[in-house]
Amino acid sequence: MKELSKEGLFVGTLLTPIIPFITDSEENIRNVIRLSYENGAKFVFSMGGVTLRENQREYFYEQLDKIFPKIKEKYIKTYGNNYFCYPLNKNLNKIFKEECEKYGLLYKMNDIVKAYKKEIKQEEQLTFI
C-alpha cells in the first residue's frame with residue numbers, strides 16, 4: 001500500500017468483514033486504521049459484520065472449530081440462524097469514525113468515490129480518424 005500510495009495511486013483499506021469474537025476488538029480497529037494511515041491510505045471502509053447463508057454458515061462453523069475452538073457455540077447462541085452477524089460492541093462504530101477522522105481518512109463510500117473521481121486526471125478523449 002505504501003509503495004502504491006507513493007506512486008500516486010488512490011489506496012485504502014476495506015475493513016470488512018469485522019468478525020464477531022475474532023476481529024471485533026477496539027484495539028484491532030484502532031490498529032488497522034492507524035496502519036492504513038501510516039501506509040498512505042486515503043480511506044478505510046467498513047460494512048460491519050459477517051453474512052452467513054446456510055452453506056456459508058456450515059463451512060464457517062467448520063473453520064471456527066478448527067481455528068478458534070468453542071467460538072462456534074458463541075455464534076449459535078448469539079446469532080442462531082441469522083443472516084447478518086454484527087459485532088456486539090456498539091461502540092466500535094463510534095471508534096471507527098473517530099479514528100478515521102483523527103487521521104483524516106475518508107470512511108463514507110460517497111466521500112471515497114467523490115475523492116477518487118476528483119483525483120482521476122481527465123485525459124483528452126482520443127478520436128479515430
Side-chain angles (χ1 to χ4, degrees):
M1 180 187 290
K2 186 179 267 185
E3 292 304 313
L4 294 172
S5 180
K6 284 180 185 177
E7 293 299 322
L9 275 75
F10 188 88
V11 296
T13 301
L14 298 178
L15 178 57
T16 192
I18 296 175
I19 305 171
F21 311 119
I22 298 172
T23 64
D24 62 343
S25 71
E26 292 180 16
E27 179 183 17
N28 184 58
I29 302 301
R30 290 179 197 278
N31 284 336
V32 168
I33 293 168
R34 178 184 52 77
L35 288 168
S36 296
Y37 170 76
E38 290 174 357
N39 287 282
K42 302 266 196 270
F43 68 90
V44 178
F45 181 72
S46 179
M47 292 177 26
V50 175
T51 57
L52 296 176
R53 292 180 181 88
E54 286 185 35
N55 292 337
Q56 288 174 326
R57 186 177 299 110
E58 292 167 14
Y59 179 79
F60 184 70
Y61 285 169
E62 286 174 18
Q63 298 309 306
L64 285 179
D65 280 341
K66 289 178 187 174
I67 303 167
F68 301 99
K70 300 182 183 179
I71 290 186
K72 177 177 84 173
E73 287 74 24
K74 287 184 179 183
Y75 269 85
I76 293 169
K77 182 178 179 183
T78 306
Y79 302 107
N81 287 326
N82 289 347
Y83 176 73
F84 294 107
C85 303
Y86 290 108
L88 300 176
N89 184 344
K90 297 184 188 287
N91 196 36
L92 285 182
N93 196 40
K94 180 181 177 212
I95 289 169
F96 173 78
K97 289 178 182 179
E98 287 174 354
E99 290 296 299
C100 285
E101 289 170 358
K102 171 178 156 182
Y103 292 107
L105 296 170
L106 302 171
Y107 58 90
K108 296 177 186 173
M109 185 52 75
N110 288 341
D111 295 338
I112 295 167
V113 171
K114 283 179 191 173
Y116 171 75
K117 287 182 177 181
K118 195 175 188 180
E119 285 200 14
I120 296 175
K121 294 178 182 168
Q122 298 297 322
E123 301 290 331
E124 184 178 322
Q125 179 69 37
L126 298 175
T127 59
F128 292 103
I129 300 176

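Owing to the predicted nature of the structure, the values given are computational and were not obtained by experimental measurement.
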Undergrad: Should the ring pair Phe10 and Phe43 be called parallel, tilted or perpendicular, given that the plane angle runs from 0 to 90° and is split at 30 and 60?
TA: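 Phe10 and Phe43: parallel rings.
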
Undergrad: With rounding to the nearest 0.5 angstrom, report the OG1 to CD distance, Thr78 to Glu73.
TA: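 CD of Glu73 is found 11.0 Å from OG1 of Thr78.
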
Undergrad: Looking at Leu15, is its backbone amide N or carbonyl O close enough to the side chain of Ser46 to form a donor-acceptor pair, meaning the two atoms are under 3.5 Å apart?
TA: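 Answer holds: yes.
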
Undergrad: According to side-chain contact (heavy atoms from CB on, under 4.5 Å), who are the partners of Leu35, at least two apart in sequence or on a separate chain?
TA: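 Testing Leu35 for side-chain contact (heavy atoms from CB on, under 4.5 Å), a comparison that skips the adjacent residues, returns Glu38, Asn39.
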
Undergrad: Looking only at heavy atoms, which two atoms of Pro87 and Pro20 are closest? And how far apart?
TA: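 Closest pair (atom of Pro87, atom of Pro20, distance): N-CG, 3.8 Å.
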
Undergrad: Ring centroids only, cut at 6.0 angstrom: are Tyr86 and Phe84 within range, meaning strictly under it?
TA: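 Between Phe84 and Tyr86, which both carry aromatic rings, the centre distance is below 6.0 Å.
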
Undergrad: Are Glu101 and Lys97 close enough for a salt bridge, meaning some N to O gap below 4.0 Å?
TA: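 Between Lys97 and Glu101 there is no salt bridge, as every charged N stays at least 4.0 Å from the carboxylate O atoms.
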
Undergrad: Mind checking ring pair (Phe, Tyr, Trp, His ring centres under 6.0 Å) for Tyr83 and listing every partner two or more places apart, or none if nothing turns up?
TA: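 For Tyr83, no residue satisfies ring pair (Phe, Tyr, Trp, His ring centres under 6.0 Å) once neighbours in sequence are set aside.
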
Undergrad: Looking at every non-hydrogen atom in both residues, tell me the closest pair between Ala41 and Gly12 and how far apart they are.
TA: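 Between these two residues, the closest heavy atoms are CB-CA, 3.9 Å.
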
Undergrad: Main chain of Met1, side chain of Ser5: is a donor-acceptor contact present, judged purely on distance under 3.5 Å?
TA: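 Flag not set: sc Ser5 to bb Met1 has no pair under 3.5 Å.
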
Undergrad: If you look at every heavy atom in Tyr75 and Cys85, which pair is closest and at what distance?
TA: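 Looks like CE2-CB, 4.4 Å.
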
Undergrad: Within a strict 4.5 Å, meaning less than it, do heavy atoms of the Lys6 and Lys2 side chains meet?
TA: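 Result yes, sub-4.5 Å side-chain heavy-atom pair found.
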
Undergrad: Begin from the C-alpha positions of Phe68 and Phe21 and carry the test ring pair (Phe, Tyr, Trp, His ring centres under 6.0 Å) through to its verdict.
TA: CA-CA 10 Å; Phe68 301 99; Phe21 311 119; over 10 Å; no

Undergrad: Looking at Leu92, Ile29, Asn89, Ile19, which hits side chain to side chain contact (heavy atoms under 4.5 Å, CB included) with Asp24?
TA: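 When side chain to side chain contact (heavy atoms under 4.5 Å, CB included) is applied between Asp24 and each of Leu92, Ile29, Asn89, Ile19, only Leu92 qualifies.
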
Undergrad: I'd like to know if the side chain of Arg57 and the backbone of Asn82 have a donor-acceptor N/O pair within less than 3.5 Å.
TA: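 Yes; judged by distance alone, with no hydrogens or angles, the pair exists.
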
Undergrad: Looking at Thr23 and Pro17, what are the two nearest heavy atoms and their distance?
TA: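 Closest heavy-atom pair between Thr23 and Pro17: OG1-O, 4.1 Å.
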
Undergrad: Under the rule for salt bridge (charged side-chain N to carboxylate O under 4.0 Å, His left out), what residues qualify as partners of Asp111, not counting sequence neighbours?
TA: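 Asp111 satisfies salt bridge (charged side-chain N to carboxylate O under 4.0 Å, His left out) with no other residue.
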
